[in-house]
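Here the structure comes first, spelled out in structure tokens, and everything after it is commentary.
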2 protein chains.
Amino acid sequence: MSLTPAPAGAVRQGSLRELNLALVLGRIATADRPPSRADLATATGLTRATVSAVVEDLLAGRLVSESDPAPRSGAGRPARGLVLADQGPAGLGLEVNVDYLAVCVVDLVGQVRHRTVHRADLRPVAPADALARLVEMAGAAREDAARHGLTLVGAALAVPGLVDDAGLVRLAPNLGWRDVPVPALLAEHPPLIEQVPGVPALVVDNEANLAALGELHSQPPGPSSFLHISGEVGIGAGIVLDGALFRGVRGWSGEIGHLPVRPDGRPCRCGGQGCLEQYAGQEAIVAAAGLVRAELPADTATARLAELAEAGDADALRALHDAGTALGVAVASVVNLLDLDTVVLGGGYAALAPWLCPPVLAEIGARVLTAAWSPVTVRPSTLGAEAAAVGAAGSVARRIVAQPAGWLARPG
Amino acid sequence: MSLTPAPAGAVRQGSLRELNLALVLGRIATADRPPSRADLATATGLTRATVSAVVEDLLAGRLVSESDPAPRSGAGRPARGLVLADQGPAGLGLEVNVDYLAVCVVDLVGQVRHRTVHRADLRPVAPADALARLVEMAGAAREDAARHGLTLVGAALAVPGLVDDAGLVRLAPNLGWRDVPVPALLAEHPPLIEQVPGVPALVVDNEANLAALGELHSQPPGPSSFLHISGEVGIGAGIVLDGALFRGVRGWSGEIGHLPVRPDGRPCRCGGQGCLEQYAGQEAIVAAAGLVRAELPADTATARLAELAEAGDADALRALHDAGTALGVAVASVVNLLDLDTVVLGGGYAALAPWLCPPVLAEIGARVLTAAWSPVTVRPSTLGAEAAAVGAAGSVARRIVAQPAGWLARPG
DNA sequence: CGCTATTTGTTCAGCGATTGAATTATTTGC
DNA sequence: GCAAATAATTCAATCGCTGAACAAATAGCG
């Protein structure tokens with residue numbers, strides 16, 4: 001999701017204003033301090049007159065507000081700083097995962113204004129029932145958002161599986177879902193959002209993708225190209241290139257869990273052999289550490305591992321080192337291929353990062369030709385749990401920033 | 001290099017025309033038959049009046065020309081078809097490789113209008129001397145181009161190695177180059193091109209990247225996202241995503257030759273272990289087939305292999321099968337990661353495709369989770385040798401199509 | 001042959017958005 | 001208290017798109 005305007009088709013007279021609205025608003029969103037109209041004029045290359053006109057539209061639409069006297073030095077009339085409004089449009093983020101449901105609301109600024117998590121084992125629950133429960137939570141979220149002056153303009157749902165363009169969940173193995181028509185199931189419930197031109201009412205996407213988007217938009221802003229790895233039962237990755245999520249031809253990119261790291265190794269349930277998941281997936285690590293999986297609820301497995309590693313347990317340390325090495329082989333492949341300089345460990349990996357990072361870095365150092373000239377950073381995610389839900393909500397809010405014209409054109 | 005306009009900064013009054021010039025010209029370039037002004041209006045969403053005005057500019061700048069009566073059926077005034085001009089701006093492509101120098105000229109249409117290849121072992125030649133020789137060839141190319149009514153507006157140089165943003169060749173191992181400042185060396189020679197706003201005078205890029213661009217712009221147009229693998233002494237890949245080359249954060253993407261396909265395998269000169277290059281590089285295949293490399297000039301090694309395989313030589317067939325399997329493991333990683341549906345085998349691999357494709361496809365089928373739903377195509381490159389030079393020249397010519405305003409604004 | 005329907009391409013007044021210069025507003029420094 | 005400096009607004013001019021009317025050119029039909 002680039003912040004620079006990029007018209008797809010004809011550039012009409014009115015597109016001009018649309019593009020400049022996006023340009024100016026994007027600048028306000030990414031500035032590290034509230035810019036004045038004059039700042040925006042020099043930053044964008046537009047004239048002050050144009051910026052004033054554009055800002056007037058944005059103020060009228062309540063997308064930005066004027067902040068009180070901005071700190072300045074020197075003579076001259078003081079500038080009025082412009083900031084994104086903390087009221088107005090907001091995004092709804094939804095997440096179905098193996099052991100929890102999550103709902104959150106993120107505003108234009110990117111802040112989480114509402115958050116609900118419902119812990120439960122979702123594997124035995126029918127998809128329709130899980131979604132119904134989610135809608136219920138979302139209803140409460142909307143009411144809470146309204147109390148803060150926020151209007152939900154779109155929703156994004158994160159699922160740990162493969163999703164096609166139409167929102168059909170083709171396969172979510174760890175959840176036991178197959179060919180679940182999410183949009184159709186959700187359409188049976190009363191709509192929770194106010195439709196705005198240019199913002200899809202519902203986007204269904206892979207959990208790893210949305211978590212990566214969350215990382216992209218987190219504060220402080222990080223790099224615009226990176227790999228975000230979600231290490232859960234399965235291992236997924238979100239690839240962010242130049243500030244935009246790369247989804248692949250059919251939206252199924254990031255299947256890093258099935259990169260062959262030991263081509264003649266253990267058979268994987270995907271049909272292949274020696275997939276990363278067999279060596280660095282949650283179950284593999286737990287087993288290698290000598291823990292009995294049945295005694296560990298999924299959401300406590302990584303916590304228990306971290307506990308043992310912290311205490312110096314030899315089995316746990318070895319298991320983590322081996323997993324990190326396997327992960328490092330896969331990451332080295334990605335870095336060689338895409339020339340990324342940042343890798344973020346998210347999901348269950350975030351808590352295990354202190355033990356995973358060293359072997360991953362070692363493999364990168366040994367296997368990446370260009371690592372000698374420019375080092376690769378490997379760090380844990382800054383977002384906590386439910387990162388995908390936050391990323392989902394943020395992706396909706398970002399869309400308003402990227403295409404404000406739709407919101408401004410609404411009748412209200 | 002997208003054909004849809006995408007302004008980076010301010011959208012000023014004049015940008016409107018710039019964007020629509022690019023939009024209309026891009027449409028003319030990609031249409032499969034010469035479109036009329038009316039066709040363009042419906043295709044772009046602009047009014048016929050605007051299209052007429054835009055086309056008038058393009059005709060005046062000699063970027064397009066009217067083709068004689070286009071075949072039509074039915075009543076009505078006959079349309080006048082519009083085609084890209086076969087005169088006017090053209091791109092200069094240069095290539096330095098291990099055993100040849102190549103120069104070519106490609107016009108707006110994408111056709112190769114001039115081509116010179118100088119075969120010689122470049123390893124013992126100093127970079128400055130190699131480039132001087134290339135400039136000499138380019139001078140002849142420019143004169144030949146001028147006779148066809150073509151003006152060179154930019155140059156691109158393909159090098160088998162890592163190039164940074166400034167055009168510095170950091171490392172070209174098989175050529176023996178290290179830290180060669182190509183732009184500075186070329187600046188000592190008289191300029192060969194006419195500077196046009198928006199078109200860089202010289203771009204230096206990796207051979208695999210430019211070969212991929214050549215494939216992207218080849219006729220008939222193929223997919224807009226694919227992986228192009230150049231199998232020479234080293235193995236490089238160009239990644240094309242949504243019609244644009246993906247260069248990575250520092251321009252060093254595509255180092256597929258060093259993907260670990262056997263993490264504990266043979267040591268590689270990159271410092272890693274079990275890199276693809278050790279199993280599917282030209283030297284590895286030649287050695288596995290029982291051929292003595294010293295007796296084979298580099299440019300005949302693949303031809304000899306193909307000959308033997310054609311004749312049913314067991315050693316050659318086994319060597320190719322093993323190489324294809326290793327290649328397949330790497331390709332499976334890429335496809336899992338990027339969800340591409342097309343893989344093009346270029347360079348030395350093109351001639352060996354009949355024997356490489358089956359094992360590559362077998363590995364993909366076994367290791368790619370999504371292959372069951374949508375098959376992956378693996379095919380040889382349509383461009384012949386010196387694909388990188390052609391791609392280089394084409395990338396310059398394409399830039400004029402993508403940003404015609406610069407050419408139109410020139411004083412001439 | 002002449003008329004009509006049809007499609008292509010051009011002309012032109014109107015209009016929206018940006019521009020650049022002039023103007024007003026507000027503060028600091030002397 | 002006044003000049004300098006910076007911020008923001010106002011306004012006529014201009015650029016380029018729009019929509020509708022108009023001119024051009026052909027096929028079909030009687």
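Reminder, nothing fancy here: chain letters follow the sequence lines and each chain counts from 1. Remember, predicted model here, so these are calculated numbers, not experimental data.
Side-chain contact check for B:L408 versus B:L21: some heavy-atom pair is nearer than 4.5 Å. Contact check for A:L241 versus B:L241: side-chain heavy atoms found under the 4.5 Å cut-off.
Applying the 4.0 Å criterion to OP1 and OP2 of C:dT7, one finds that B:R37 has every side-chain N and O outside that range. The shortest distance between the side-chain N/O atoms of A:S36 and the OP1/OP2 oxygens of D:dA8 is below 4.0 Å. Phosphate contact (OP1/OP2 of D:dC17, side-chain N/O of B:N20, threshold under 4.0 Å): present. Between A:R17 and C:dT18 there is a side-chain N or O to OP1 or OP2 distance below 4.0 Å. OP1 or OP2 of C:dT10 has at least one side-chain nitrogen or oxygen of B:S52 nearer than 4.0 Å. Between D:dT18 and B:T47, a contact under 4.0 Å exists linking OP1 or OP2 to a side-chain N or O.
One can place CG of B:L40 at 11 Å from P of C:dT8, the figure rounded to the nearest angstrom. Atom CZ in A:R48 sits about 17 Å away from atom P in D:dC11, given to the nearest Å. In this structure, the CG atom of A:L19 is 16 Å from the P atom of D:dG16, given to the nearest Å. D:dC17 atom P lies 8 Å from atom CG of B:L21, rounded to whole Å. Going from atom CG of A:L16 over to atom P of D:dT14 covers 19 Å, rounded to whole Å. Distance B:D57 CG to C:dT10 P: 13 Å, rounded to the nearest Å. Rounded to whole angstrom, the span from the CD atom of A:E18 across to the P atom of C:dG16 amounts to 15 Å. Taking atom CG of residue B:L23 and atom P of nucleotide D:dC17, one finds them 11 Å apart after rounding to whole Å.
Salt bridge status for B:R247 with B:D205: present, with a side-chain N to carboxylate O gap under 4.0 Å. Salt bridge annotation for B:R142-B:E194: absent, with no cationic side-chain nitrogen under 4.0 angstrom from a carboxylate oxygen.
Atom CG of A:L25 is separated from atom CG of A:D57 by 11.5 Å, given to the nearest 0.5 angstrom.
Along DNA chain C, the nucleotide nearest to B:D39 and the one nearest to B:A49 differ in position, and the one closer to the 5' end is contacted by B:D39. In terms of position on DNA chain D, the residue among A:A53 and B:A53 whose nearest nucleotide sits closer to the 5' end is A:A53.
Among D:dT26, D:dT18, C:dT10, the nucleotide with an atom closest to any side-chain atom of B:R80 is C:dT10.
Side-chain atoms of A:R77 stay outside donor-acceptor range of the base of C:dT27, with no qualifying N/O pair under 3.5 Å.
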